[in-house]
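Just so it is clear: chains get the letters A, B, ... in the order the sequence lines come, proteins before strands, and each one is counted from 1.
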Amino acid sequence: MAILRFAIFRFFTMLATLLVVSVMIFIIINLPPGDYLSNQINELRATGQSNGIAKAEFLRTEYSLDQPLWKQYMIWMGFMPGPHGFLGIIQGEFGWSFEFDKPVADLVGGALWMTVLVNLAAVLFIYAIALPLGVIAAARSKTWIDYTSAFVGYLGLATPNFLLALILFYYGNRYLNLPIGGLMDPKFEGEPMSFEKMKSVLIHLIIPTFVIGTSGAAAMMQRLRANLLDELGKPYVETARAKGMRESAMLVKYPLRVAFNPFVADIGTLLPSLVSGSVLVSVVLGLQTIGPVLLTALKSQDLFLSAFVLMFVALLTLIGTLVSDILLALLDPRIRFGGREK
Amino acid sequence: MTMTPDGRYVDDQPYERDIGAEARHADLDMSNTRLLWLRFKQHKLGLISALFLLLSYLMLPVAGFISPYTPNERQEDYLYHPPQWIHFFHEGKFIGPHVYETTAQMNLEEFAWEYVADESKPARLEFFCKGGQYRLAGLIKTDTHLFCAPEGATVFLWGSDRLGRDVFSRIMYGAQLSLTVGLVGITVSFVIGIVLGSIAGYFGGFLDWIINRVIEILRSLPELPLWLALSAAVPSHWGPVAVFFIISIILGILDWPGLARAVRSKFLSLREEEFVRAAEMMGAKPSRVIRRHLLPNFLSHLIASATLSIPAMILGETALSFLGLGLRAPAVSWGVMLNDAQNLASIEIYPWTAIPMLPIVVVVLAFNFFGDGLRDALDPNRS
């Protein structure tokens with residue numbers, strides 16, 4: 001029961017955070033002078049096309065862009081009625097993309113799932129890589145395995161994501177015949193989900209997952225190694241060894257369980273950088289996630305589109321952090337009671 | 001050794017009180033800086049990295065002198081020229097450093113420029129020669145370069161790019177922005193982090209609560225989209241210098257929470273110490289207690305952790321410029337250069353356009369090793 005209460009408490013904190021974040025995002029989005037529509041109106045004026053102006057002006061009032069900023073925010077979020085009543089984010093109405101002349105929801109629909117998929121794959125990849133490598137590096141510390149993994153880890157941290165993407169992309173295609181670009185074969189686009197489509201998506205996921213996950217995996221591996229090394233020096237390990245326990249059984253049974261805590265907690269700090277990485281890598285590799293959408297929207301000041309994408313990205317990381325917090329509380333009772341007493 | 005009549009042994013050497021004591025307690029008398037240096041020296045990788053970084057930064061003001069061309073100088077006849085070797089021996093005879101003249105040929109099958117070197121005529125490199133005009137350290141106008149190619153020949157150590165600009169020279173100039181962006185950014189982050197962290201830690205209460213929530217929120221958000229959004233807000237008509245500063249500030253603005261958190265937790269434990277109470281009772285103002293009594297306790301650790309976050313900023317600048325939202329041409333940075341290498345086809349045909357990634361990787365690694373070494377040297381618990 002305590003864990004449920006903790007989860008509910010954390011959920012509401014997340015909502016509050018999201019609210020603050022939405023204000024921040026809205027302000028940042030409105031920082032550049034002008035907006036898409038006023039830019040368009042000026043352009044149309046300059047070229048002397050009058051019929052476009054009327055439409056742009058109509059859209060301006062339709063989406064309350066002529067209101068003061070705080071009102072715009074309230075209407076966008078759905079706290080205040082716009083020209084057509086309460087139609088905002090919390091009512092599930094995400095706004096209009098002026099550049100593509102489409103509702104935002106239609107525009108990003110599939111990309112949202114792809115974003116979740118790519119990031120989920122990266123998280124799984126990180127765990128799958130970091131756990132065994134970290135344990136081996138600690139158990140066999142100061143051997144060639146340790147040094148090699150440390151070196152590769154450092155290199156992974158130092159190479160910019162997008163460069164790694166380009167390089168792997170090139171060699172992956174050349175030697176392993178991995179597909180280039182996109183998240184699925186073009187022929188599956190818009191098709192309903194099928195086994196073939198799934199396979200295509202999975203093959204296309206290999207390189208992006210690797211690229212996005214590498215630096216995170218390197219960092220996590222180092223952390224796990226350091227924690228495990230700390231534990232390995234403690235008397236209880238000595239005792240277990242003296243009892244004649246097998247090294248591997250001992251490792252899994254005692255020190256690993258202690259060292260595992262930060263491993264789970266780390267996902268909270270890892271996820272933001274992961275999402276960052278996935279945005280960048282998506283742009284470079286042309287994945288159909290929200291990364292490229294965000295970039296074009298930001299460049300053309302497509303207000304609602306970029307605001308929504310930023311909100312989604314923030315939500316994604318916040319949910320990830322929430323999940324990691326709850327997992328951590330399940331794993332280690334000290335944490336939830338520690339949080340409670342304050 | 002002599003034996004006394006009562007059967008004891010006595011050493012003949014005169015008794016010296018200080019012998020041995022010096023060796024045993026040498027480190028107790030050393031200054032802190034010296035101790036730090038001794039420990040840092042043991043971290044070989046860190047030492048090498050520190051030297052490399054020192055050299056790199058010393059090179060920045062004279063980058064224009066070292067590079068044979070100016071960054072935006074175009075050689076229209078030499079687009080996508082591959083890297084040239086500097087030869088020393090011509091037909092088995094030593095004639096000093098020279099290059100060979102090349103002529104361009106269009107390969108119509110692959111639609112790529114190919115360059116044929118004329119190996120019969122060596123063109124000797126000139127030293128301290130006249131070239132494009134630049135400002136030494138941004139101040140002194142001059143046109144003397146360390147080395148350049150003679151009339152009619154070119155010296156592209158690392159090739160030339162799609163506009164016929166020398167990649168080597170551009171990397172030298174790019175270093176000026178790419179390496180300083182991290183320093184400016186870390187300064188911003190340092191100032192905000194220390195001020196807010198110490199306020200939160202020292203005063204506690206409501207301020208602490210607010211600052212803590214802000215830290216939590218900023219830490220839970222992905223940096224890159226926010227960087228993107230903020231840099232998209234930079235007006236396009238600003239000059240390169242203004243853009244440079246605003247980008248570094250943007251990089252710094254999102255970096256401070258980690259630092260502030262570290263400062264805060266240190267303050268929480270240190271403010272209960274006796275020496276703080278003593279200072280407070282003697283009437284020291286909070287600002288004095290913070291500056292003179294608390295901060296010096298762990299400033300060196302903060303510097304070590306700052307060293308470790310500089311590479312993140314360098315990578316951040318690179319990523320932003322690469323996406324076209326950071327520094328913009330005519331400014332030259334490594335990220336701006338890589339922007340050209342964005343498409344796969346050009347890297348495949350002209351691999352040297354991706355060379356700017358090497359200095360990025362090397363510098364980031366060096367900062368990481370240097371920071372690690374510094375941190376290890378500062379760690380009081382290490383054996």
Select one option (side chain, backbone, both, neither) describing which atoms of F369(B) are under 4.5 Å from chain A's heavy atoms. side chain
So which of T321(A), V313(A), L274(A) has the largest heavy-atom pair count under 4.5 angstrom toward chain B? V313(A)
Let's test your reading of the structure: which of T13(A), L280(A), T17(A) forms the most heavy-atom pairs below 4.5 Å with chain B? L280(A)
If you count heavy-atom pairs under 4.5 Å between each of L31(A), L298(A), N30(A) and chain B, which one has the most? L298(A)
Between L226(B) and M24(A), the two heavy atoms sitting closest are CD1-CE, 4.4 Å
Is it true that atom CZ of F245(B) has more than 12 heavy atoms of other residues, nucleotides or ligands lying nearer than 6.0 Å? no
Report yes if the side chains of L310(A) and L228(B) come closer than 4.5 Å at any heavy-atom pair, otherwise no. no
Looking only at heavy atoms, what is the nearest atom pair of K299(A) and L325(B), with distance? CG-CD2, 4.0 Å
Check whether any side-chain heavy atom of V279(A) lies under 4.5 Å from a side-chain heavy atom of P222(B), and answer yes or no. no
Does any heavy atom of chain A fall under 4.5 Å from the side chain of L218(B), the backbone, both, or neither of them? side chain
Which value, rounded to the nearest 0.5 Å, describes the distance between L230(B) atom CG and I28(A) atom CD1? 4.5 Å
More than 12 heavy atoms from other groups under 6.0 Å of CZ on R271(B): yes
Heavy-atom proximity to chain A below 4.5 Å, by part of P311(B): neither
CZ of R10(A): more than 12 outside heavy atoms within 6.0 angstrom? yes
Mind checking the OH-CG spacing from Y154(A) to L365(B)? Nearest 0.5 Å is all I need. 9.0 Å
